[in-house]
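Everything on this sheet refers to the single structure shown next.
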Amino acid sequence: MNEPLKQLRTEFRACNLCEAICGLEFKIEGPKIISIRGDDADPFSRGHICPKAVALKDIHEDPDRIRRPMKRTGKDWQEISWDEAFEFAAGRMAALVQENGNNAVAFYAGNPSVHNLGHLLGIQQLARLLKTRSAFSASSVDQLPQQLTSLLMFGHQFMIPIPDIDHTDYFLILGGNPIASNGSMMTVPDVAKRLKAIQTRGGKVVVIDPRRTETAEIASEHHFIRPGTDAALLMAMLNVIRSEGLMKPNAALPLKNLDQALDAIAHITPTIAAASTGIAADEIKRLARDFAGSRTAIAYGRIGACIQPFGTVAQWLVQLLNIVTGNLDREGGTMPTNPVIPITGPGTRPGHYAQWKSRVSGLPESGGEIPVAALAEEILTPGEGQIHGLITMCGNPVLSTPNGRQLDHAFESLAFMLSIDIYMNETTRHADLILPPTSALNHDHYDLIFNAFAVRNVTRYNEAFWARPGDERYDWEIFSGIGAKLAEKLGREFTPMPALQHIIGGMLKKSGNREGTTMESLKAAPHGIDLGALKPSLASRIETADKLIDCAPAPMLADMQRFNRELLDSAPKSLHLIGRRHVRSNNSWMHNYHRLVKGKARHQLLMHPDDLASRGLISGQVIELSSRIGKLNVPVEATTDVLPGVVCLPHGWGHDREGARMAIASAHAGASFNDISDDKFLDAISGNAALNAIPVEVRAAG
């Protein structure tokens with residue numbers, strides 16, 4: 001008998017793989033995805049699609065994806081039931097807490113956690129149950145300086161001013177590459193067309209970066225800068241604007257200590273900054289005048305301006321530049337998004353800073369998290385508060401955080417390790433138990449965080465394409481299953497999470513169903529709802545104790561002594577390493593899909609021809625790249641797209657660790673940037689890892 005024909009259906013969904021949240025159109029036949037294309041009817045992404053979108057199909061169908069609980073048995077693994085897994089995990093963690101205290105069990109949340117509401121909320125629920133201060137995440141190898149700057153200046157770590165890219169006349173990008181990243185702390189699908197539109201209407205896009213990036217290629221101007229010196233450039237620009245009478249702060253904003261802030265940096269002239277940055281003094285003056293003279297302008301410092309030794313100071317100066325030119329909280333400048341489900345304001349957690357410090361190195365907490373650079377030492381150093389158990393969630397810190405080899409060693413020493421993850425990767429191979437959430441396409445989706453960082457006010461809810469298989473579990477079910485068992489053993493209270501649909505509906509009601517948005521209206525709008533352009537709102541939303549914007553936070557002023565001592569120390573004495581990303585890659589976890597890794601290898605070291613020649617090296621050979629903490633061998637490629645004195649290696653590769661089970665990734669292993677990134681090379685204020693400007697040496701391998 002012939003099988004009945006399966007009906008082809010069309011579904012719409014926002015992509016959850018990066019911050020752009022592009023709308024996608026899926027053609028589905030039974031249990032199979034037939035095609036994925038951009039959703040032309042999505043008012044925000046406007047049909048845009050990047051190469052990563054096909055990975056939604058590849059992840060869903062990946063034979064390497066774990067689907068049921070996996071328990072370690074010596075060097076082997078066995079599948080166990082969910083009930084057995086929850087009991088085992090809770091029993092081991094409860095014993096560690098009872099014997100060693102709450103802080104004995106730590107957790108690490110990786111980047112994908114933020115893209116999945118069930119995971120994001122489940123982490124918070126489990127953390128409250130554990131009552132541990134041993135909390136770590138990918139934030140401290142990424143955007144922590146931005147969050148901390150917003151906390152200290154505006155009173156809330158998520159009150160982050162977002163570029164009004166669609167209405168600006170001048171877009172200054174420091175250390176950002178939105179063509180490759182699709183935004184980043186700026187949810188902006190279809191960014192290439194939006195950048196082009198600035199130039200079409202007579203405006204400018206100006207990129208400051210040690211590498212001629214994909215964004216620099218289409219910009220109006222690109223200026224090479226020595227890694228880690230963005231703060232000097234910004235100080236000099238601010239001083240030109242102040243000395244030439246070009247300041248025009250927004251009178252609607254309640255500012256305090258602006259003169260104090262500007263006085264603290266007044267000694268950094270364009271001439272002094274030129275010696276540090278490598279950008280000529282006259283060019284610095286012109287950049288300052290052009291920025292101040294534009295009708296509207298945006299200063300945007302992204303990951304390259306965060307992951308450096310003066311990341312928090314640089315982010316503070318970005319805000320000052322927008323403030324003194326009147327571009328903070330104005331159309332065409334930067335404004336906080338006003339989402340229908342707010343993550344700032346009444347009922348949210350503004351965050352805090354340095355209320356406690358890490359046990360070994362004394363690094364400050366921020367928003368309840370310890371910088372991840374301290375994770376290994378907190379595991380390896382004996383004493384009260386030592387970490388004995390670890391939960392990793394959607395993360396691969398061995399490849400994505402500093403000194404990965406040390407983390408390998410640390411994870412081997414743990415008494416118990418649980419990983420909530422869909423892969424046996426370079427980190428989860430150390431676990432005693434791996435619990436895999438179901439495919440993202442099997443559960444409902446609402447992007448709480450990136451709607452709140454969008455360049456327009458938008459909202460969208462998407463229901464699952466299929467019910468989850470009976471032997472799989474949603475991420476929120478996993479957290480609830482562990483939590484219920486753990487609470488029972490610890491004698492603590494715990495309330496399991498309801499289904500996401502009920503949570504989102506409750507959030508909408510709590511926020512007053514703003515703009516008439518309800519679960520019913522969201523479900524009736526599969527392409528998403530556009531709620532309009534950003535509007536000035538910061539003045540009424542400031543959450544500092546005195547309701548004033550603090551232009552001179554004490555930690556930034558205190559760090560000026562270190563800045564004067566270290567950054568102004570003449571020309572660099574060695575090569576400096578920076579990272580890079582590619583539009584077909586996303587940190588450490590998107591290398592197991594053939595369509596995303598095919599073609600020319602892209603994990604080689606980039607180096608200027610003059611630097612190669614001076615060392616007797618040639619393009620294409622394998623070289624040894626070394627830092628204070630280690631060395632690795634990697635092919636080198638000559639290019640004038642990097643500044644002399646700079647070498648550039650992508651982050652997230654190194655898939656050659658024994659025990660990982662990701663076949664395609666291991667066949668394209670590359671070298672791990674974080675085998676030579678230094679866990680002691682940090683931004684002093686935040687403790688954020690300084691993954692750019694790392695001093696390195698290059699020589700012939702062997």
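All figures in this text were calculated on a predicted structure; none of them were measured in a lab.
Under the 4.5 Å side-chain criterion, counting only non-hydrogen atoms from C-beta, Pro178 is in contact with Met186. Between Leu253 and Asn250 there is a side-chain heavy-atom pair separated by less than 4.5 Å. Leu448 has its side chain within reach of Ile343: a pair of non-hydrogen atoms, C-beta onward, lies under 4.5 Å apart. Put simply, the side chain of Leu126 reaches to within 4.5 Å of the side chain of Leu130, judged on heavy atoms. A 4.5 Å side-chain heavy-atom check between Arg133 and Asn102 finds every atom pair outside the cut-off. Looking at Phe107 and Thr392, their side chains never come closer than 4.5 Å, going by heavy atoms from C-beta outward. Contact of the His156 side chain with the Arg541 side chain is not registered, since no non-hydrogen atoms from C-beta on lie closer than 4.5 Å.
A donor and an acceptor atom, one from each side chain of His267 and Asn239, are nowhere located under 3.5 Å apart. For the residue pair Arg302/Ser184, the side-chain donor-acceptor check at 3.5 Å is satisfied. There is no side-chain donor-acceptor pair under 3.5 Å between Ser150 and Gln157. Inspection of the Asn692 and His576 side chains reveals no N or O donor paired with an N or O acceptor under 3.5 Å. In this model, no donor atom of one side chain and acceptor atom of the other lie less than 3.5 Å apart for Asp678 and Asn403. Side-chain atoms of Tyr353 and Ser686 include no donor-acceptor pair closer than 3.5 Å. Side-chain polar atoms of Thr427 and Asn396 form a donor-acceptor pair below 3.5 angstrom. A donor atom on one side chain and an acceptor atom on the other are not found under 3.5 Å apart for Asp447 and Asn16.
At distances below 3.5 Å, not a single donor-acceptor pair connects side-chain atoms of Ser511 with backbone N or O atoms of Ile341. A donor-acceptor contact shorter than 3.5 Å is absent between the side chain of Ser419 and the backbone of Asp421. Counting only distance, with no hydrogens or angles, the side chain of Glu19 and the backbone of Thr187 share no donor-acceptor pair below 3.5 Å. Listed for the Thr334 side chain is no donor-acceptor partner under 3.5 Å among the backbone atoms of Ile298. A donor-acceptor contact shorter than 3.5 Å is absent between the side chain of Glu378 and the backbone of Ser358. Distance alone, capped at 3.5 Å, is enough to place a donor-acceptor pair between the Ser140 side chain and the Val372 backbone. Checking side-chain atoms of Thr312 against main-chain N and O of Ile685 turns up no donor-acceptor pair under 3.5 Å. Side-chain N or O atoms of Thr337 include none that pairs as donor or acceptor with a backbone N or O of Asn457 at under 3.5 Å. Between the side chain of Arg580 and the main chain of His651, no donor-acceptor pair closer than 3.5 Å is present.
For an aromatic pair to be called close, the ring centres must be under 6.0 Å apart, and Phe171 with Tyr300 satisfies this.
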Could you walk me through whether Phe310 and Phe563 pass the ring pair (Phe, Tyr, Trp, His ring centres under 6.0 Å) test, one step at a time? CA-CA 8 Å; Phe310 295 94; Phe563 173 87; 5.6 Å; yes

Test Ser137 against Glu369 for side-chain hydrogen bond (donor to acceptor under 3.5 Å, both in side chains), laying out the working first. CA-CA 7 Å; Ser137 82; Glu369 294 182 10; 2.6 Å; yes

Walk me through whether Asp142 and Ser139 qualify under side-chain hydrogen bond (donor to acceptor under 3.5 Å, both in side chains). CA-CA 5 Å; Asp142 194 331; Ser139 294; over 6 Å; no

Pair Ile434, Tyr423 - check side chain to side chain contact (heavy atoms under 4.5 Å, CB included), show working. CA-CA 8 Å; Ile434 304 176; Tyr423 286 112; over 6 Å; no

Using the rule given for side chain to side chain contact (heavy atoms under 4.5 Å, CB included), can you reason through Gln355 versus Glu365, listing the C-alpha separation, both sets of side-chain angles and the distance that settles it, and then say yes or no? CA-CA 7 Å; Gln355 291 191 3; Glu365 65 79 27; 3.5 Å; yes

Please report the C-alpha distance between Gln143 and Gln147 in whole Å, then the side-chain angles of each, then the deciding distance to 0.1 Å, and finally whether the side-chain hydrogen bond (donor to acceptor under 3.5 Å, both in side chains) criterion is met. CA-CA 7 Å; Gln143 81 285 351; Gln147 289 180 215; 2.6 Å; yes

List the steps and the verdict of side-chain hydrogen bond (donor to acceptor under 3.5 Å, both in side chains) for Asn177 and Thr215. CA-CA 5 Å; Asn177 186 10; Thr215 304; 2.6 Å; yes

Take Leu414 and His388 through the test side chain to side chain contact (heavy atoms under 4.5 Å, CB included) and record every step on the way to the result. CA-CA 5 Å; Leu414 288 164; His388 296 280; 5.7 Å; no

For side chain to side chain contact (heavy atoms under 4.5 Å, CB included), just list the numbers for Val398 and Asn674, CA-CA rounded to whole Å, side-chain angles, deciding distance to a tenth of an Å, and then say yes or no. CA-CA 8 Å; Val398 165; Asn674 286 296; over 6 Å; no

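Summarising the local packing, NE2 of His409 is surrounded by 12 or fewer heavy atoms from other residues, nucleotides or ligands at distances under 6.0 Å. Counting non-hydrogen atoms of other residues, nucleotides and ligands closer than 6.0 Å to CZ of Arg628 gives a total above 12.
Asn451 and Pro339 make their closest contact through O-CB, 4.1 Å (heavy atoms, listed as atom of the first residue, atom of the second, distance). Nearest heavy atoms, Ile420 versus Pro437: CG2-CG, 4.0 Å. The minimum heavy-atom distance linking Leu17 with Trp589 is given by the pair CD2-CH2, 3.5 Å. The two residues Ile387 and Ala106 have their closest heavy-atom pair at CD1-CB, 3.6 Å. In this structure, Asn425 and Gly395 approach most closely via the heavy-atom pair ND2-O, 4.0 Å. Summarising the geometry of Leu258 relative to Pro249, their closest heavy-atom pair is CD2-CG, 4.2 Å, with the distance given to 0.1 Å.
Taking CD1 of Ile542 as the reference point, atom CE of Met159 lies at 8.0 Å (rounded to 0.5 Å). One distance of note links CG of Leu548 with CG of Asn257; it measures 9.0 Å at 0.5 Å rounding. Here Ile303 contributes atom CD1 and Ile307 contributes atom CD1; the two are 4.5 Å apart, rounded to the nearest 0.5 Å. The line from CG of Leu399 to CD of Glu426 is 4.0 Å long, rounded to the nearest 0.5 Å. The distance from atom CG of Asp550 to atom CH2 of Trp316, rounded to the nearest 0.5 Å, is 10.0 Å. Rounded to the nearest 0.5 angstrom, Ile504 CD1 and Leu117 CG are separated by 5.5 Å.
In this pair, Phe453 and Phe158 present their aromatic rings tilted. The plane angle is within the 30 to 60° band.
The existence of a salt bridge linking Lys680 and Glu377 is confirmed by a sub-4.0 Å separation between a basic side-chain nitrogen and an acidic carboxylate oxygen. A salt bridge between Lys256 and Asp546 is present, with a side-chain N of the basic residue lying under 4.0 Å from a carboxylate O of the acidic one.
The side-chain hydrogen bond (donor to acceptor under 3.5 Å, both in side chains) test with Gln308 singles out one residue from Asn688, Asp683, Asp230, and that residue is Asp230.
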